[in-house]
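Computed from a predicted model, the values in this text were never measured in an experiment. All ligand and atom numbering here is 1-based and tracks the order in the structure.
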Amino acid sequence: MERIKVHLDESEMPRQWYNVLADLPTPMKPPLHPGTGKPVTPEDLAPVFPMNLIEQEVSSHRWIDIPEPVLEKYCLWRPTPLFRARGFEKLLDAPVKIYYKNEGFSPPGSHKPNTAVPQAYYNKVFGIKRLSTETGAGQWGSALSMACKMFDLQCRVFMVRVSYDQKPYRRMMMSTWGAECIPSPSNITRAGRKILEETPDSPGSLGIAISEAIEDAVGDPQARYSLGSVLNHVLLHQTIIGLEAHKQLEKIGVYPDVVMGCAGGGSNFAGVSLPFVRDKIHGKDVSIVAAEPTSCPTITRGPFAYDFGDTAQTTPLLAMYTLGHDFVPAPIHAGGLRYHGMAPIVSHLTREKLVEARAFDQIETFTAGVNWARTEGYIPAPETNHVIAAVAQEAMRAKEEGKEKVILFNWSGHGLVDLASYDAFLSGKLTPYELPDEEIQRALKSIAGFPKP
Ligand SMILES: *Cc1c(COP(=O)(O)O)cnc(C)c1O
């Protein structure tokens with residue numbers, strides 16, 4: 001029988017996260033204080049995050065120990081298996097071997113608890129009582145709700161209005177894990193009330209929800225804010241995925257030609273790929289590819305610029321690919337990955353040509369996802385479908401070139417709570433959508449006058 005899974009024993013799980021900042025060929029542009037235009041200091045961030053996480057955010061240590069209580073919680077679902085996708089390979093009929101990390105095995109069903117658990121832990125040991133955050137489709141909110149309960153913290157989640165109404169099941173998961181879930185824009189923050197005055201039926205956006213969550217956290221000395229993607233410490237925690245994959249592939253004597261992930265804010269893509277970026281910096285021949293939606297084409301069409309992480313302009317200015325902090329994704333877009341910015345680390349690596357990006361529309365992504373479900377069984381999250389479309393495209397290229405390729409990718413989560421978007425696809429209600437050029441012009445206008453990286 002041919003092998004399908006490669007397991008690691010709990011005792012083989014990596015004990016440290018990998019920090020790519022230690023290996024970057026050129027330094028990253030620092031986050032700037034919007035008032036002074038100077039690099040932000042750890043003290044500037046102290047009302048928002050606990051100091052132990054701020055230290056990780058700015059750390060240049062290559063390896064950072066995973067605390068014992070975090071390892072213990074990780075073991076509820078980690079190490080995740082590395083799968084060989086033989087059924088999907090057969091369907092593609094191309095000279096490729098496809099391996100994937102199944103991050104759908106976690107209790108909330110995605111990679112997000114890899115960072116939610118350590119974030120809750122570090123806040124707890126810093127003496128914080130409550131975390132405030134935002135969520136789009138609810139994966140992050142549900143992951144943080146679970147993690148907060150594990151470390152006895154309260155949790156408040158601002159959920160993008162359109163998802164709150166259309167995707168009730170993760171809201172129910174959050175309640176089950178004991179968190180409070182509020183539709184955003186809400187009337188409990190200034191940022192929310194301002195949006196509601198201008199647009200009473202606003203569908204909300206991640207940027208708006210972030211503004212609300214930060215305002216809520218900063219107003220309560222016992223509370224801090226928590227972000228599920230984009231920031232350096234989040235990407236750091238996610239490297240557990242790629243470190244495990246590295247070990248698992250080593251066990252079977254395989255090294256990938258291509259490493260792929262879908263990219264919303266960039267955390268799961270960075271998680272699977274940064275340990276391989278390290279190899280690439282040291283001379284390995286490996287391609288590293290991010291997949292994003294044509295409806296929110298941050299890396300492939302956005303400018304690299306200083307921009308805010310949120311709509312209300314409360315975060316530091318981050319040097320990143322961006323569609324503008326006032327970006328509101330088209331409501332017709334069913335596939336997730338709607339954040340306007342891209343993690344500064346992923347943006348920097350793209351500028352350094354260590355990483356590249358490709359965009360796919362929602363017909364391509366759901367077609368790939370349905371093909372996957374029909375050959376591999378597991379139903380992918382709509383976000384995950386982007387990387388599956390990228391894998392299929394890469395396989396077709398290998399076929400045309402007559403080249404054998406080993407592909408590793410991160411299967412970021414399952415789609416069992418997103419079946420409504422599958423229903424929309426299967427009943428022909430989805431159409432391909434490309435962000436119009438006017439939207440790029442709007443993005444450029446929204447950052448005009450900001451410092452240039
Ligand atoms: C949140 C999420 C993503 C996108 O977020 P990143 O920070 O880019 O990883 C992708 N897939 C799933 C399943 C998610 O829950």
Side-chain angles (χ1 to χ4, degrees), residues 77 80 100-116 119 133-146 157 159-160 163 167 169-170 173-174 206 209-210 226-242 260-274 289-293 296-299 309 320-321 329 333-347 349-350 355 357 359-360 365 368-369 372 378-390 409-418 421:
W77 72 96
T80 59
Y100 72 98
K101 278 294 266 184
N102 191 329
E103 292 294 310
F105 271 36
S106 77
S110 76
H111 64 286
K112 292 203 168 71
N114 296 333
T115 185
Q119 287 194 43
T133 196
E134 77 291 334
T135 197
Q139 288 104 329
W140 171 242
S142 56
L144 193 70
S145 301
M146 179 193 78
V157 182
M159 186 171 189
V160 175
S163 303
K167 303 187 167 182
Y169 289 104
R170 286 207 182 84
M173 287 163 73
M174 292 180 231
L206 272 181
I210 293 175
S226 172
L227 190 59
S229 187
V230 179
L231 297 179
N232 298 352
H233 67 272
V234 178
L235 275 55
L236 172 83
H237 300 154
Q238 293 294 353
T239 60
I240 186 87
I241 304 169
M260 307 181 116
C262 64
S267 74
N268 90 89
F269 166 66
V272 69
S273 65
L274 290 181
V289 182
E292 63 177 13
C296 184
T298 314
I299 316 179
M320 61 182 178
Y321 287 95
H333 169 48
L337 308 176
R338 302 147 176 268
Y339 183 60
H340 71 272
M342 182 51 58
I345 286 179
V346 172
S347 298
L349 293 171
T350 310
V355 158
F360 300 87
T365 61
W372 180 274
Y378 295 101
I379 297 177
E383 293 85 356
T384 311
N385 289 343
H386 292 76
V387 66
I388 298 174
F409 82 94
N410 190 44
W411 200 87
S412 54
H414 71 65
L416 296 180
V417 192
D418 305 290
S421 21

**Report entry** Geometric N/O contact G264 with ligand 1, under 3.5 angstrom
**Finding:**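 Looking only at distances, the answer is yes, because the N/O contact criterion of under 3.5 Å is met.
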Query raised in the report: Any nitrogen or oxygen of E383, main chain or side chain, under 3.5 Å from a nitrogen or oxygen of ligand 1?
Result: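 Looking only at distances, the answer is no, because the N/O contact criterion of under 3.5 Å is not met.
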Query raised in the report: To which of V272, N268, T115 does the heavy atom nearest atom 9 (O) of ligand 1 belong?
Result: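 Nearest heavy atom to atom 9 (O) of ligand 1 lies in N268.
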**Report entry** Among K112, R338, E103, closest by any non-hydrogen atom to atom 1 (C) of ligand 1
**Finding:**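 Looking at heavy atoms only, the winner is K112.
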Query - Heavy-atom check, side chain of H340 versus side chain of T298, under 4.5 Å - result: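 H340 does not reach T298 side chain to side chain.
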Query raised in the report: Is there side-chain contact between L274 and I345, with heavy atoms separated by less than 4.5 Å?
Result: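 Side chain of L274 against side chain of I345, heavy atoms only: contact under 4.5 Å found.
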Query - Distance flag, aromatic centroids of W140 and Y339, threshold under 6.0 Å - result: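 Ring-ring flag for Y339/W140: false, centres at least 6.0 Å apart.
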Query raised in the report: How about W411 and F105: are their ring centroids closer than 6.0 Å?
Result: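 Ring-ring flag for W411/F105: false, centres at least 6.0 Å apart.
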List ligand 1 atoms under 4.0 Å from [X], heavy atoms only on the residue side.
| X | result |
| --- | --- |
| G266 | 6 (P), 7 (O), 8 (O) |
| G413 | 13 (C) |
| A381 | 13 (C) |

What part of [X], side chain, backbone, both or neither, has a heavy atom within less than 4.0 angstrom of ligand 1?
| X | answer |
| --- | --- |
| Q238 | neither |
| S412 | both |
| L337 | side chain |
| A263 | backbone |

Query raised in the report: Is the closest side-chain donor-acceptor distance between S226 and T133 under 3.5 Å?
Result: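 On atom types as modelled, these side chains do not qualify, holding no pair under 3.5 Å.
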**Report entry** Any side-chain donor near an acceptor of the partner, E103 and N114, under 3.5 Å
**Finding:**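 Distance-only check passes for E103 and N114.
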Requested in this report: Determine the minimum heavy-atom distance between G266 and A343, stating which atoms define it.
Outcome: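 Shortest heavy-atom contact: CA-CB, 4.5 Å.
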Query raised in the report: Taking N385 as the fixed residue, which of I379, L337, T365 is the one that meets the side chain to side chain contact (heavy atoms under 4.5 Å, CB included) rule?
Result: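 The residue from I379, L337, T365 that satisfies side chain to side chain contact (heavy atoms under 4.5 Å, CB included) with N385 turns out to be T365.
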Query raised in the report: Considering only protein heavy atoms, which is closest to atom 7 (O) of ligand 1, and at what distance to one decimal place?
Result: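 Nearest neighbour among protein heavy atoms for atom 7 (O) of ligand 1, to 0.1 Å: S229 OG, 2.5 Å.
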